[in-house]
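Here is the structure we will look at, set down as structure tokens.
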Amino acid sequence: EQKQNMDLVQDQEETLKERVEEIQKRMEVQKELIEKKEYNEQIQEKQESVEKQIDNLLNKELSEQMKKLQELLQKKNADMKMQDFQKMQDQNALFQMDMERIEEMIKQIEAQIMMEEVANKLEQLAERQDQLNEKTSDNTQNNDQLRKEQDQLKQELDQLMSKEFSEMKEKASDQSF
């Protein structure tokens, strides 16, 4: 039973480690995205906050837990009590909760980035629509050309809305599982 408990704790530690690596990769992708484009300060502040929490979690808690686990595995002491295993499992559960909270924050940042990109694209389309309206009122181009430009704008808007909302819906369904 003791060996099973040790194996269970070791498996939990490995799972947590893999999850941390996955979160770090997502954070790097987000960081690159945020650096490429200028998003609002709120997104940048959230990103920095999540990075600090991850660093703290990794540097402090995970390394401490891994160290304790290694010590236990090296000792393989028959005198180890169930309390020790329970304590490690409790620590793993707390760490797991921290990871889930951080993952939720990452998802919120990703959603904000996506929303801001959609808003920027909509602003660009609105500007083009305004320019088209000016051309129409100035009668500087023939009606066929203006109609084509209007149809193109409408098509781009429809594509944007369809694509972005399907991506948001897909992300939302991925996050619910």
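Worth knowing before you read on, the calculation uses all heavy atoms, side chains too, and leaves out hydrogens, waters and symmetry mates.
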Roughly how far apart are [X] [atom1] and [Y] [atom2], rounded to 0.5 Å?
| X | Y | atom1 | atom2 | result |
| --- | --- | --- | --- | --- |
| Gln44 | Lys31 | CD | NZ | 11.5 Å |
| Arg147 | Leu132 | CZ | CG | 11.5 Å |
| Thr15 | Arg19 | OG1 | CZ | 9.5 Å |
| Arg128 | Leu157 | CZ | CG | 10.5 Å |
| Asn120 | Leu125 | CG | CG | 11.0 Å |
| Gln108 | Glu103 | CD | CD | 12.5 Å |

Decide, yes or no, whether a salt bridge links Asp98 with Arg101 under the criterion of side-chain N to carboxylate O below 4.0 Å.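 Salt bridge between Asp98 and Arg101, a charged N being under 4.0 Å from a carboxylate O: yes.
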Does Asp144 pair with Lys148 as a salt bridge, N-O distance under 4.0 Å?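 No, no charged N to carboxylate O under 4.0 Å.
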All salt bridge (Lys or Arg N to Asp or Glu O under 4.0 Å) counterparts of Glu117, not counting sequence neighbours: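 Glu117 satisfies salt bridge (Lys or Arg N to Asp or Glu O under 4.0 Å) with Lys37 only.
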Heavy-atom donor-acceptor pair, [X] side chain to [Y] backbone, under 3.5 Å:
| X | Y | answer |
| --- | --- | --- |
| Ser162 | Gln159 | no |
| Ser49 | Glu45 | no |
| Gln30 | Ile106 | yes |

Might you point out which heavy atoms bring Arg26 and Lys107 nearest each other, and give the distance in Å?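 Minimum heavy-atom contact is NH2-CG, 3.6 Å.
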What I'd like to find out is whether the side chain of [X] reaches to under 4.5 Å of the side chain of [Y], using heavy atoms alone.
| X | Y | answer |
| --- | --- | --- |
| Glu116 | Gln112 | no |
| Phe95 | Asp90 | no |
| Gln96 | Glu100 | yes |

Stepwise side chain to side chain donor-acceptor pair (under 3.5 Å) test for Glu149 and Gln131: CA-CA 10 Å; Glu149 287 181 40; Gln131 292 170 356; over 6 Å; no
Does Ile43 share a hydrophobic cluster with Val29, counting links as ILVMFWY side-chain heavy atoms below 4.5 Å and allowing steps through other members?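 Looking at the clustering, Val29 is in a separate group from Ile43.
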Yes or no on side chain to side chain contact (heavy atoms under 4.5 Å, CB included) for Gln129 and Gln150, after CA distance, side-chain angles and deciding distance? CA-CA 8 Å; Gln129 180 65 45; Gln150 180 64 41; 3.0 Å; yes
Does CE belonging to Met115 count more than 12 external heavy atoms closer than 6.0 Å?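 At most 12 heavy atoms, drawn from other residues, nucleotides or ligands, come within 6.0 Å of this atom.
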